[in-house]
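A short write-up of the structure that comes next.
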Amino acid sequence: MPRTVLVTGGNRGIGLAIARAFADQGDRVVVTHRGSGAPDGLLGVQCDITDAASVDAAFSFVESEIGPVEVVVANAGITDDTLLLRMSEEQFERVLDTNLTGAFRVAKRASGKMLRAKWGRLIFISSVIGLYGGPGQVNYAASKAGLVGMARSITRELGTRNITANVVAPGFIQTEMTDVLPESRKAEIIKAVPAGRLATADEVAAAVTFLASDSAAYISGAVLPVDGGLGMGH
Ligand code: NDP
């Protein structure tokens, strides 16, 4: 059954791969962007997830154009890495405000309509770093770990209403971000990953579409790693 799907940050990177995967299976997909416009063939809406009014307006747009959002993929995220001693409070708060509070704003706005429909899927894109940690990533890791507690609390609140909330935790993905890493750093990363390679964004998208499917109705509060075994046990 086709669903209405909103992917934050679906205009590029992993979010775009996720949006295309939903579109390919026949769902009605909307991606958010911050002024870049929507990629070819996808419906776009401007939205800054650090602003609750902007999130509200984006949902209202989707509702008026195609109907209530049934599947939310909270994918938009940023990094601002530096060592703890050098990290300013502003740097910490900015990353938390986008990655964690941004996901909260989106989930909160979506949940009212999901409750009414007695069906919904909330999928949060975390990172292996959330539970594994990363030097220079105190802000990012805290934000990504926070998503786990959030998804599990939502599961406890809304579980009886056919609403699931899950976390996908990608490892190192082949994106523009990793393309620019020096070859030596890439080799180090690949050595640490049991699978011996980076993942494609499509491999992350496959986990997300699965969690959104009817087959995943009994999976909630889960953390699904897509990391080639890098973070196992965490
Ligand atoms: P990109 O940097 O390629 O894209 C980030 C996306 O987030 C863009 O669409 C960007 O929009 C959007 N975004 C950032 N801030 C905001 C905001 N305030 N409001 C709305 N949208 C915003 O990231 P990736 O595709 O690499 O990563 C996607 C997600 O996956 C992130 O949450 C990231 O933490 C996570 N992840 C990535 C990994 C990787 O290896 N790349 C590994 C593990 C997790 P705009 O185009 O307007 O800037």
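Each ligand, and each atom within it, is numbered from 1 in the order the structure gives.
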Test: Arg105 and Asp97 ion pair at under 4.0 Å: yes

In this structure, atom 40 (O) of ligand 1 is nearest to the protein heavy atom Ile173 N, 3.2 Å

A student comparing Ala169, Gly77, Ala74 should find that the heavy atom closest to atom 7 (O) of ligand 1 comes from Gly77

Do side-chain atoms of Thr178 reach the backbone of Ile173 as a donor and acceptor pair under 3.5 angstrom?
-> yes

Open item on the list: If the contact criterion is a heavy-atom separation under 4.0 Å, does Gly171 count as touching ligand 1?
Closed with: yes

In this structure, atom 12 (C) of ligand 1 is nearest to the protein heavy atom Ala76 CB, 3.7 Å

Atom 37 (C) of ligand 1 sits nearest the protein heavy atom Ile14 CD1, 3.5 Å

Residue, atom and distance of the protein heavy atom nearest atom 44 (C) of ligand 1 read Ser126 O, 3.2 Å

So for Lys144 against ligand 1, with non-hydrogen atoms under 4.0 Å, the contacting part is side chain

If we number the atoms of ligand 1 from 1 as shown, the ones under 4.0 Å from a heavy atom of Cys47 are 19 (N), 20 (C)

In terms of its nearest heavy atom to atom 30 (O) of ligand 1, the top option of Leu181, Ile129, Ile125 is Ile125

among protein heavy atoms, the one nearest atom 8 (C) of ligand 1 is Arg12 NE, 3.6 Å

The atoms of ligand 1 lying under 4.0 Å from a heavy atom of Asp48, numbered in the order shown, are 17 (C), 18 (N), 19 (N)

Here the atoms of ligand 1 under 4.0 Å from any heavy atom belonging to Ile78 are 14 (C), 15 (N)

Notebook entry, point to check: With a 3.5 Å cut-off and no angle check, do the side chains of Asp48 and Thr50 form a donor-acceptor pair?
Noted result: yes

_Just to check, does Ser54 reach to within less than 4.0 Å of ligand 1 when the distance is taken from its heavy atoms?_
no

*asked:* Less than 4.0 Å from atom 23 (O) of ligand 1, is there any heavy atom belonging to the protein?
replied: no

protein heavy-atom neighbour closest to atom 31 (C) of ligand 1 works out as Asn75 O, 3.2 Å

shortest atom 47 (O) of ligand 1-to-protein heavy-atom contact is with Arg34 NE, 3.0 Å

Looking only at protein heavy atoms, what sits closest to atom 34 (O) of ligand 1 is Tyr140 OH, 2.6 Å

Within the supplied structure, the quantity of interest is the number of heavy atoms (other residues, nucleotides, ligands) at a distance under 6.0 Å from Phe59 CZ; does it exceed 12? yes

Atoms of ligand 1 under 4.0 Å from any heavy atom of Gly9, numbered from 1 in the order shown, are 9 (O), 12 (C)

